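Structure, as structure tokens:
Fair warning: this is a prediction, and the values are worked out from it, not measured in the lab.
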Amino acid sequence: MKKLFLIVSCLFIMFVSSACNDKAGILFNNNPITEKTVMNYSNLFMTGQRIYYLILIPEKIHSRYLDIQVVKKDNDYGRLGYKLYWSKTVRLKDEEINYFTDYVVINQKGFYIMQVYSKDNPTKRFTAAEFQVK
């Protein structure tokens with residue numbers, strides 16, 4: 001009886017303490033993103049290099065449009081002012097309903113933030129990630 005109680009309580013604690021992360025995210029990579037290279041993510045790139053990115057979308061987006069922005073932090077140590085560096089609006093295709101992948105080329109050194117907004121709620125940031133170009 002004690003073993004059964006111990007097993008049930010362990011299972012209960014395991015289910016309560018485990019968390020499912022259903023938030024959107026961005027992965028950056030030096031190479032085109034495939035099933036084999038998806039785990040080789042990086043956030044440090046050279047100027048003029050293609051920066052491949054993968055936006056993961058677990059939630060359903062009704063409009064299927066995403067606004068992607070790259071914002072540059074205005075100084076060399078990544079603090080204070082911000083400038084909009086690049087922006088793009090994309091429409092998710094039927095086969096890309098849960099992800100979007102593409103690349104961007106940045107020719108200026110600095111710290112950058114990629115932000116993604118949904119057209120469903122353009123005032124709320126869907127996800128964001130930082131990277132650096134040297």
Review point. Can you list the steps and then say if Ile113 with Tyr82 is a side-chain contact (heavy atoms from CB on, under 4.5 Å)?
Key: CA-CA 9 Å; Ile113 302 170; Tyr82 297 94; 3.9 Å; yes
Check your understanding: Would Ile55 and Tyr53 satisfy side-chain contact (heavy atoms from CB on, under 4.5 Å), going step by step from the backbone distance to the final call?
Key -> CA-CA 7 Å; Ile55 300 171; Tyr53 59 91; 3.9 Å; yes
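Annotation for Ser87 and Gln69: closest pair OG-CG, 3.9 Å, computed over non-hydrogen atoms. The two atoms that bring Phe28 and Ala129 nearest to each other are CE1-CB, 3.6 Å, heavy atoms only. Pro32 and Thr37 get closest at one heavy-atom pair: O-OG1, 2.8 Å. Between Val116 and Ile26, the shortest heavy-atom distance links the atoms CG2-CD1, 3.8 Å. The two residues Lys119 and Ser63 make their nearest non-hydrogen contact at CB-OG, 3.3 Å. Closest heavy-atom contact between Lys109 and Lys134: CG-C, 3.6 Å.
For the residue pair Asn107/Thr47, the side-chain donor-acceptor check at 3.5 Å is not satisfied.
The aromatic rings of Phe131 and Phe45 sit perpendicular to each other, their planes meeting at more than 60°, with 30° as the lower class boundary. Taking the six-membered ring where tryptophan is involved, the planes of Tyr85 and Tyr112 are perpendicular, since the angle between them exceeds 60° and thus also 30°.
Among Leu92, Leu54, Leu27, Ile33, the single residue meeting the side-chain contact (heavy atoms from CB on, under 4.5 Å) criterion with Tyr99 is Leu54. Remark: of the listed residues Leu84, Ile51, Ile106, Ile106 is the sole one forming a side-chain contact (heavy atoms from CB on, under 4.5 Å) with Val70.
Counting heavy atoms from C-beta outward, Asp102 and Val90 have side chains that stay 4.5 Å or more apart. Annotation: side chain of Met114 is in contact with side chain of Ile68 (closest heavy-atom distance under 4.5 Å). You'll find the side chain of Asn40 reaches within 4.5 Å of the side chain of Asn29, heavy atoms only.
To the nearest 0.5 angstrom, Ile97 atom CD1 is 3.5 Å from Arg64 atom CZ.
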